[in-house]
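Keep in mind that this is a model prediction, so the values were computed, not measured. Whatever order the structure lists ligands and atoms in, that order sets their numbers, starting from 1.
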Amino acid sequence: MDKLKIAIQKSGRLYEDSIKLLKDCSIEVNIGIDKLKTTALNFPLEILFLRDDDIPQYLEDGVADIGIIGKNVLLEKRKKIKIKETLGFGKCRLSIAVPKSLVYNDIKDLNGKRIATSYPFLVKEFFEKRYINAEIHEISGAVEIAPGIGLADCICDLVSSGSTLFMNGLKEVETVLQSEAILASHLYLGMPQNLIMDKLLFRIRAVKKAKNNKYILLNVPNNRLKKIISYLPGVKSTVILPLANSEWSSVHSVVNENNFWGIIENLKALGVQDILVLPIEKIIL
Ligand code: PRT
Ligand code: ZN
């Protein structure tokens, strides 16, 4: 078959963003009612909708060629698969939390404790590396209620806003893993799957790069032009266009989201005016 098979979560926290990623890559997907699998309309891609926990095994077996899963699931399952790209969504952390009332000084306070988790392997590894001797109880869901019903002394679970822990009278004390969605693949892809995956990766990287950057246009007094453009990295170099008012120029550049506000503050202080900030759809270098 001349298509690349991608496994994505059938429903849940990664579903919407996985579909959006394909759309951002200009891949049109028609999702039928049964939602077991579908074929992209304008790219050689077959999409399989699965439970996230099952995806690593399907990737190892080659039932799916590539898949989108949380790094937490990927590392816990320990299947023989390759990480191809981090995707920047589904961000969360796998954390240890204890009852609020427990006085917690450092990790040694977890010695001898019973800890409930759906991530027994990652927790065991975390404790072993730190010489902590705790009793791990594997449970598959509603981990946060375990201390309240006397099943465990503390938990290790995924946290994003922290409100679930708060509502259950727990506080976060250690981070085991920072996680986000990952694109992973079967170890040995044949042809043309390998080629199609590279094409898809090329698009994903262009989309990711665009998301992390903004296009900015600003009006700059000519006497400070040199100084101002030294603050603007641009993709290759900054664009400078003359304005009708000969004392001013229009400057166009691309600025990374991470240091965006710092750069804007510096530019304002140097007398830049009329700053326009535009989203970028794709960056292809
Ligand atoms: O049905 P299926 O098995 O496919 O889905 P699932 O129920 O196992 O997974 P799902 O949809 O809950 O999560 C899929 C993936 O999303 C996870 O493997 C993570 O990689 C990622 N992710 C990101 C999260 C969270 N954020 C998250 N907050 N997964 C789960 N949670 C849960 C957490 O377990 C806890 O119950 O949300 C609660 C905590 O959230 P806050 O905001 O209250 O801290
Ligand atoms: Zn799951």
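Under the 4.5 Å side-chain heavy-atom criterion for Ile, Leu, Val, Met, Phe, Trp and Tyr, Val73 and Tyr58 are members of the same hydrophobic cluster.
Counting protein heavy atoms only, atom 28 (N) of ligand 1 is closest to Ser160 OG, 2.9 Å. When hydrogens are left out, the protein atom nearest atom 1 (O) of ligand 1 is Arg51 NE, 3.6 Å; that is the closest non-hydrogen contact. For atom 29 (N) of ligand 1, the closest non-hydrogen atom of the protein is Leu158 CD1, 3.3 Å. Of the protein's non-hydrogen atoms, the one nearest atom 10 (P) of ligand 1 is Gln9 NE2, 3.8 Å. Ranking protein heavy atoms by distance to atom 19 (C) of ligand 1, first place goes to Asn72 OD1, 3.5 Å. Nearest non-hydrogen protein atom to atom 26 (N) of ligand 1 is Cys92 CB, 3.4 Å. For atom 38 (C) of ligand 1, the nearest non-hydrogen atom of the protein is Thr164 OG1, 3.6 Å. Atom 15 (C) of ligand 1 has as its closest protein heavy atom Leu14 CG, 3.7 Å.
Taking distance alone, with nitrogen or oxygen atoms compared against 3.5 Å, Ser179 stays at or beyond that limit from ligand 1. Among the atoms of Tyr119, none of the N or O lies under 3.5 angstrom from an N or O of ligand 1. When only interatomic distances are considered, the shortest N/O to N/O separation between Arg13 and ligand 1 falls below 3.5 Å. Here's the thing with Gly162: one of its N/O atoms is less than 3.5 angstrom from an N/O atom of ligand 1.
A salt bridge links Glu257 with Lys214: the closest approach of a Lys/Arg side-chain nitrogen to an acidic carboxylate oxygen falls below 4.0 angstrom. Ionic pairing of Lys124 and Glu128 is present here: one or more N-O contacts between side-chain nitrogen and carboxylate oxygen are shorter than 4.0 angstrom.
Applying the side-chain contact (heavy atoms from CB on, under 4.5 Å) test to Lys84 and every residue at least two apart in sequence or in another chain returns Lys82, Leu183, Ser185, Met197, Leu201.
Apart from Tyr131 itself, the hydrophobic cluster it occupies contains nothing, where clustering links Ile, Leu, Val, Met, Phe, Trp and Tyr at side-chain heavy-atom distances under 4.5 Å.
The residue from Leu278, Val251, Val277, Val272 that alone fulfils the side chain to side chain contact (heavy atoms under 4.5 Å, CB included) condition with Ile216 is Val277. Between Lys108 and the choices Asp106, Asn105, Leu110, the side chain to side chain contact (heavy atoms under 4.5 Å, CB included) rule is met once, by Asp106.
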Got a list of side-chain donor-acceptor pairs under 3.5 Å for residues 146-159, not counting sequence neighbours?
unit_1: Asp153; atom_1: OD1; unit_2: Arg114; atom_2: NH2; d: 3.1
unit_1: Asp153; atom_1: OD2; unit_2: Arg114; atom_2: N; d: 2.6
unit_1: Asp153; atom_1: OD2; unit_2: Arg114; atom_2: NE; d: 3.4

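The atoms of ligand 1 that sit less than 4.0 Å from any heavy atom of Val73 are 18 (O). Set against the non-hydrogen atoms of Val159, the atoms of ligand 1 under 4.0 Å away are 44 (O). Within the listing of ligand 1, atoms 11 (O) sit less than 4.0 angstrom from a heavy atom of Gly12. Atoms of ligand 1 lying under 4.0 Å from any heavy atom of Gly70, numbered from 1 in the order shown and given with element: 20 (O).
Considering only heavy atoms from C-beta on, Phe126 stays 4.5 Å or farther from Leu94 through its side chain. No side-chain heavy atom of His186 sits under 4.5 Å from any side-chain heavy atom of Gln193. At least one side-chain heavy atom of Lys77 sits under 4.5 Å from a side-chain heavy atom of Asp53. Put simply, the side chain of Phe43 reaches to within 4.5 Å of the side chain of Ile196, judged on heavy atoms. For the pair Val176 and Tyr119, the minimum side-chain heavy-atom distance is 4.5 Å or more.
When non-hydrogen atoms are compared, ligand 1 lies under 4.0 Å from the backbone of Asp52 as well as from its side chain. Looking at Val143 against ligand 1, nothing comes within 4.0 Å, counting heavy atoms. When non-hydrogen atoms are compared, ligand 1 lies under 4.0 Å from the backbone of Ser163 as well as from its side chain. Under 4.0 Å from ligand 1, the heavy atoms of Asp157 that appear belong solely to its side chain.
Distances under 2.8 Å from the Zn ion (ligand 2) pick out the protein N/O/S atoms Asp52 OD1, Asp53 OD1.
Lys171 NZ: more than 12 foreign heavy atoms inside a 6.0 Å radius.
Glu76 and Asn72 share no side-chain donor-acceptor pair at under 3.5 Å. A side-chain N or O of Glu172 and one of Ser95 form a donor-acceptor pair less than 3.5 Å apart.
In this structure, atom 7 (O) of ligand 1 has no protein heavy-atom contact shorter than 4.0 Å.
Relative to the six-membered ring of Phe202, Arg205 misses at least one condition, a distance below 6.0 Å or an angle of at most 45° to the axis.
Proximity annotation for atom 42 (O) of ligand 1: of Ala181, Ala142, Ser161, Ser161 comes nearest, heavy atoms only.
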